[in-house]
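Scroll down for the structure; my scribbles are underneath it.
As the structure is a prediction and not an experimental result, all values here were calculated from the model. Reckoned from all heavy atoms, side chains included, excluding hydrogens, waters and symmetry mates. A note on names: the letters A, B, ... follow the listed sequences, proteins ahead of strands, and every chain is numbered from 1.
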2 protein chains.
Amino acid sequence: MSESSAKNSTTLATKITESIRTAIVSGDIAPGAKLSEAQLAMQFNSSRGPVREAIRRLEVERLVRHVPHEGARVITLERNEIVAIYQVRESLEGMAASLAAQHMSDEDIVALRQLWEQHRAHQHQTGEYMQADGDFDFHYRIIQGSRNPYLIRQLCDDLYQLLRMFRYRSSRFISRSAVALTEHEHIVYAIEQRDSQLAELVMRRHISRAARDIAQAMQTEETKL
Amino acid sequence: MSESSAKNSTTLATKITESIRTAIVSGDIAPGAKLSEAQLAMQFNSSRGPVREAIRRLEVERLVRHVPHEGARVITLERNEIVAIYQVRESLEGMAASLAAQHMSDEDIVALRQLWEQHRAHQHQTGEYMQADGDFDFHYRIIQGSRNPYLIRQLCDDLYQLLRMFRYRSSRFISRSAVALTEHEHIVYAIEQRDSQLAELVMRRHISRAARDIAQAMQTEETKL
DNA sequence: ATCGGCAATATTGTCAACAATAATTACAAA
DNA sequence: TTTGTAATTATTGTTGACAATATTGCCGAT
């Protein structure tokens, strides 16, 4: 487990929170793993206080499940929970796309198009899957474009944490980068046209298909065991 | 400020969290008010530790804004933030209604109808506005009926806290109980018919109208000052 | 050999003191 | 009077010790 990524925030508790969060999301701390206060405190050269604060925060963020007097464990995402999350994501991010088509500045739309061009070029050259990071970047920009602060927080701070955590583990399945690239283009197009209805629909389908692929992959994964 | 509503949870920090949360949501602690650790600790006959934990949790729940070394204050909801929240609520709860129409058990639907009958009877007798609590109860049942655990948490644990906090302050405006009663009936009907599309649409309109009324009321309220 | 209860151990919850940072006040100079 | 600065005060951040609870291991009974 790497506690390297500790940004120099103002307070120790914040740094520890971020370190543990990235460790969970990146899979360095496995789902279901126990978070021992004493152990973590030792690891970060601190006392248990700041570690406790970090765990409490991550508990509210739903990355950690805590039961009194027993301790905290990293959550494990079951199949039905993944499905539930994707269902919400479809609704929320569809709305984000719709709002983005209405509210994004012309410059931001140009930048979005350029980002997509980069992704295409990258895929053309390397023939590689789209990087998860690139995909997230694309979606983040559209969410930001919604200009709805509450929606932005819900998606970026909350839902996407869970998504990242899950994606890291299951990146082996996801080989739909070619399809995704095409779908992204359609989204960019709809936003360029300022067609909020189309943007919403295309985004919803994009996410819906991803969800279907993942659910299917998990299904076969489960039957294999 | 009443710290009376302390349920006997297993841990002190939890009790304090709940007490402060209800105090904020009910308006006993005013928006923008400072949350002093020492003062709260005294108030709850505890040390600062549990109070700090409570504040950290409420911070992640977005009921409190915290800046390092300065302290925590209760958030203040601006007009545009209310609009943003209602926009998200419309999308999420529309989805909840759709899912409820698909997944609610027949018994639960009967119970929902009965609840509505009660509301109607109550209004008939007293001619009163619908109680905010009754309204929340109605919506909660439908959200639960969605059977989507992530959606349920997002709405009940997160969004509705903010809604409650705001509603308490502004209950003076909201006199649309007669309209709401009718709209609720339409929602119940759509769910009884298992018409998920209709349920979603009617719910969205219900919330959209409420949002419009509130935005309008805030507008006039602002110009008055 | 397995199961249930008791002691030992480990872990979490709470507390009070200390350190570090921000807010306030007092004071002096312009 | 006003303004900038330094000292004071108050508040938050962190720590280690102690209390309360859960887990583990041991022992005896069936």
Answer with base, sugar-phosphate or nothing: what part of the nucleic acid does A/L35 contact at a heavy-atom distance below 4.0 Å?
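Sugar-phosphate, backbone atoms only, no base.
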
Which part of the nucleic acid, if any, lies within contact of A/G71, taking any heavy atom under 4.0 Å across all strands shown: a base, the sugar-phosphate backbone alone, or nothing?
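Sugar-phosphate contact only.
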
With distance as the sole criterion, is a donor-acceptor pair present between the side chains of [X] and [Y] under 3.5 Å?
X      : Y      : value
B/Y160 : B/E93  : yes
B/Y150 : A/R62  : no
B/H119 : B/D135 : no
A/D108 : A/Q144 : no

Terminal contacting nucleotides, 5' and 3', DNA chain D versus chain A (heavy atom, 4.0 Å)
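Endpoints of the contacted stretch of DNA chain D: D/dG13 to D/dT23.
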
Phosphate OP1/OP2 of C/dT12: any A/R52 side-chain N/O under 4.0 Å
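It does not, given that no N or O in the side chain of A/R52 lies less than 4.0 Å from OP1 or OP2 of C/dT12.
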
Below the 4.0 Å mark, does C/dA19 have OP1 or OP2 next to a side-chain nitrogen or oxygen of B/H69?
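For B/H69, the contact criterion (side-chain N or O under 4.0 Å from OP1 or OP2 of C/dA19) is not met.
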
Provide, to the nearest angstrom, the distance between the NE2 atom belonging to A/H66 and the C1' atom belonging to C/dG13.
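It is 9 Å, rounded to the nearest whole Å.
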
Using the side-chain heavy atoms of B/E70, tell me which of these nucleotides is nearest: C/dC15, C/dA22, C/dT12.
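The answer is C/dA22, which lies nearest to the side chain.
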
Between A/S46 and B/K34, just flag the one whose closest nucleotide in DNA chain D comes earlier from the 5' side.
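Looking at DNA chain D, the more 5' nearest nucleotide goes with B/K34.
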
Would you find more than 12 non-hydrogen atoms of other residues, nucleotides or ligands less than 6.0 Å from A/R204 atom CZ?
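Above 12, so yes.
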
Any pair with a residue in residues 68-78 of chain A that passes salt bridge (Lys or Arg N to Asp or Glu O under 4.0 Å), sequence neighbours left out, goes on the list, sorted by first then second residue, please.
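The answer is none; no pair qualifies.
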
